[in-house]
Engineer: 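What follows is a structure written as structure tokens; I'll ask about it next.
Numbers for residues simply follow the sequence, beginning at 1.
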Amino acid sequence: MTYRKRLSHRIYGGDNIVNLSDVRYLPRWVILLIDICFVALAIALSRYLIEKLSYHNEEIFLNESLVFVMMIAAAVLFMFIFRTYAGIIRHSTFIDLFKLFLATLCTTIFAALFSFFYKMIVGERLIFMSIPFLIIFFAGSFTMLFLFRLFVKEFFHFIRDFRRSTQRTRILVLGIDEQSVAMARAVLDNPNIPYHITGFLTQRHDSRRASLLGKPILTKEKIDKSSKEDLGVEGVLLMKETMDKEEMNYWVNLFLEKDLKIFKSPSLQELKDTENQGSIKKLQIEDLLNRKPIKIENEEVRRRHLGKKILITGGAGSIGSEIVRQVTLFNPELIVVLDQGETPLYEIENEMRATYPHISFKFVLADISNRHRIEPLFQKYNFSMVYHAAAYKHVPLIEENPHEAILVNILGSKNLATLASQYHVNRFVMISTDKAVKPTNVMGASKRTAELFVQALQNKGNNTTKFITTRFGNVLGSNGSVIPHFKKQIENGGPITITHPDITRYFMTIPEACDLVLQAGTMGKGGEIFVFDMGKPVKIIDLAHRMVKLSGLEPDIDIKIIFTGLRPGEKLYEELLSDDAKTLPTHHEKIMISKDSDMEYEQIERFCNQIVKAALRREKVEVVQILKQIVPEFKSNNSIYEVLDK
């Protein structure tokens, strides 16, 4: 159904309300007709003014009909030449204004020439006081044509803004810098974005009487003194890239107190994309915990990976899959991705082959505790680097099944490290955890044992491989981590379960963790344990409160928070360094080297063989007893194995 038929149907079909938003644009002949009417009005107005200003009583026009026909014909001619009627009025630009100027000027010049030649031929003046008349005509006609377009343009802008303000979420923009203004303009210009900008917000006091894009500028004091209803807005839009963590927390706390929703802006290109309707999203807790990521030395990292063969174990997991993605950017010759999880390995294979068809991949389904399965990979491919991210990590499950942690975290690491040394891999980077520091659970102790083994292997005779360990805190968004767990509980209406009101954790993002892995792989000389400056630990209860508020709900009212007690092996506070460890700085301010105690290779080799045999016999208590011999600082907490410490 055409536009005219739809409009006719609405008018004659009983619906007499024509929505202005349905009016796409006026036909060109209507625009031309309106312009002609304004030209005729300008002629009449000029004639009237000249008559009032004249001291003579004679007629202004010798032949009034001829003057009208001549000037209107000239106006129509030049409107056709310059196509002043062709543009959509509500989208008029300076070019359209310039066309009007030229058409009106040419019409005036033509009328002056016509009058001049008429006098030469007929001998009488067609227009008395022709110069003042033509000046008034030019000014009047151009002004009326311009004001008509300006009125239509502003009228449609008003209608559009009015409809947006009633049908869309009303928000403020945080900041008055160039980026914030550009962001606001992009939102206003994109009709598909369901948000309406009502003003700007700043801490500055010299802008309270100013405006931007026709919108008022509010100060922080105004927000303090006003309620959400007084402000007439539902939320605030911000660009988190322009703020540091302290500034972000300051504003977020203020907005949450006022019950305002907090939205984050994507890139300006995404906002300007008229097809992109979901580019503005609610601020997530990850955005508040995220810090400025490590700036890796891309050239050194590129040199270590370009044209090389890389093995990544645990490559389908949270950390491993991100390492795969980042290593791919440096154009290696081959990436072998190894994991024992069939479904996630299949998913990362589909993703990588679709996204990077020019990179050679091999996806291997295997268990790292089976040396006979993984040794052929070392025999076939001359690996330059091994990233070892495969591990069992869930504390309560490992506490119940300690023998499984031994087979994967210790035996698997031992197999990989030994093969890396045997086949002269240049670098071996193992991912550890902060739970390996003064461990209170089997998982942490097993990772500490793996650390001791690779450190000891570094100093073994005839070894040429550089063994490097990286120690992380909790990773945001990883499988089984607290934030996805809380999100699911909030989506289900609660309650949120927390083990203890005082429990705290360090947090980092997956990209941050992988940046550290890549950096460590290039800067390590062998035998180091790299730790990351993770800032201040976060109380989990505060994390839960913020997540509930960011969801637009109230803690303990809309979403209950309950405490379930510490789980087996869990401790209140995580640590990155042991008490007797010393740290050495590196050339990167966020990365340090932990000088932990080590062990002779023969001793750790004997312990590993002993504990693996116990694990194969499923002797849980014996496994933990041996772990406590290997890692004397391992003291079980809230666990059945606490009796072994007595």
Side-chain angles (χ1 to χ4, degrees), residues 312-320 338-345 364-375 388-419 430-437 439-454 469 471-472 474-475 478-481 485 566-571 604-631 634-644:
I312 303 173
T313 72
S318 306
I319 294 292
L338 185 149
D339 204 289
Q340 69 170 344
E342 178 191 20
T343 300
L345 186 65
V364 179
L365 183 66
D367 182 352
I368 59 173
S369 65
N370 185 350
R371 177 171 175 143
H372 300 294
R373 176 71 178 93
I374 59 176
E375 184 167 7
H388 175 34
Y392 282 149
K393 65 178 184 178
H394 292 289
V395 171
L397 284 175
I398 297 305
E399 205 70 11
E400 293 179 10
N401 304 277
H403 47 282
E404 297 297 335
I406 304 309
L407 297 177
V408 173
N409 294 358
I410 296 179
L411 177 58
S413 299
K414 179 176 181 287
N415 287 341
L416 288 166
T418 303
L419 289 169
M430 186 180 78
I431 296 175
S432 189
T433 171
D434 57 358
K435 293 177 175 62
V437 179
T440 60
N441 49 67
V442 173
M443 193 281 282
S446 67
K447 293 296 288 183
R448 177 58 185 149
T449 303
E451 289 182 358
L452 289 168
F453 183 85
V454 298
T469 301
R471 195 179 276 169
F472 300 125
N474 296 276
V475 180
S478 63
N479 296 329
S481 63
H485 180 61
L566 289 175
R567 296 173 298 178
E570 190 172 39
K571 57 182 176 180
I604 189 64
E605 166 80 0
R606 185 172 61 255
F607 271 130
C608 287
N609 291 336
Q610 184 181 355
I611 199 170
V612 167
K613 290 178 182 178
L616 291 173
R617 296 194 305 268
R618 302 295 189 267
E619 296 288 347
K620 296 183 179 182
V621 175
E622 185 181 353
V623 162
V624 178
Q625 283 177 327
I626 299 172
L627 267 182
K628 291 180 181 294
Q629 295 177 44
I630 301 172
V631 187
F634 170 26
K635 304 296 180 185
S636 298
N637 184 37
N638 194 34
S639 168
I640 58 173
Y641 303 116
E642 288 183 58
V643 295
L644 300 178

Engineer: Between atom NE2 of His403 and atom CD of Glu622, what is the distance when rounded to the nearest 0.5 Å?
Structural biologist: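 The NE2 atom of His403 sits 13.0 Å away from the CD atom of Glu622.
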
Engineer: Taking only Lys NZ, Arg NE, NH1 and NH2, and the carboxylate oxygens of Asp or Glu, determine whether Lys414 and Glu605 approach each other closer than 4.0 Å.
Structural biologist: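 Judged by the 4.0 Å cut-off on N to carboxylate O distance, Lys414 and Glu605 do form a salt bridge.
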
Engineer: Just by distance, do the side chain of Asn415 and the backbone of Ser369 share a donor-acceptor pair under 3.5 Å?
Structural biologist: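 Yes.
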
Engineer: With rounding to the nearest 0.5 angstrom, report the CG to CD distance, Leu419 to Glu375.
Structural biologist: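 Going from the CG atom of Leu419 to the CD atom of Glu375 covers 5.0 Å.
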
Engineer: Using a 3.5 Å distance criterion without hydrogens, assess whether the side chain of Asn441 forms a donor-acceptor pair with backbone atoms of Pro396.
Structural biologist: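 Flag not set: sc Asn441 to bb Pro396 has no pair under 3.5 Å.
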
Engineer: To the nearest 0.5 angstrom, please state how far the CD1 atom of Ile368 sits from the OG atom of Ser413.
Structural biologist: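 Ile368 atom CD1 to Ser413 atom OG measures 5.5 Å (nearest 0.5 Å).
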
Engineer: Using the rule given for side-chain hydrogen bond (donor to acceptor under 3.5 Å, both in side chains), can you reason through Thr440 versus Asn637, listing the C-alpha separation, both sets of side-chain angles and the distance that settles it, and then say yes or no?
Structural biologist: CA-CA 5 Å; Thr440 60; Asn637 184 37; 4.9 Å; no

Engineer: Check step by step if side-chain hydrogen bond (donor to acceptor under 3.5 Å, both in side chains) holds for Glu399 and Ser639.
Structural biologist: CA-CA 8 Å; Glu399 205 70 11; Ser639 168; 2.9 Å; yes

Engineer: Keeping Glu451 on the side-chain end and Lys447 on the backbone end, is there a donor-acceptor pair under 3.5 Å?
Structural biologist: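 No, Glu451 side chain to Lys447 backbone: no donor-acceptor pair under 3.5 Å.
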
Engineer: Look at the side chain of Asp339 and the backbone N and O of Leu345, then say whether any donor-acceptor pair between them is shorter than 3.5 Å.
Structural biologist: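 No, Asp339 side chain to Leu345 backbone: no donor-acceptor pair under 3.5 Å.
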
Engineer: Is there a side chain to side chain contact (heavy atoms under 4.5 Å, CB included) between Tyr392 and Leu397 once you walk through the steps?
Structural biologist: CA-CA 9 Å; Tyr392 282 149; Leu397 284 175; over 6 Å; no

Engineer: Within this structure, what is the CD1-CG distance for the pair Ile410 and Leu627, rounded to the nearest 0.5 Å?
Structural biologist: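 One gets 5.0 Å once the value is rounded to the nearest 0.5 Å.
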
Engineer: At their closest point, which heavy atom of Ala405 faces which heavy atom of Ile398, and how far apart are they?
Structural biologist: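 Between these two residues, the closest heavy atoms are CB-CG2, 3.3 Å.
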
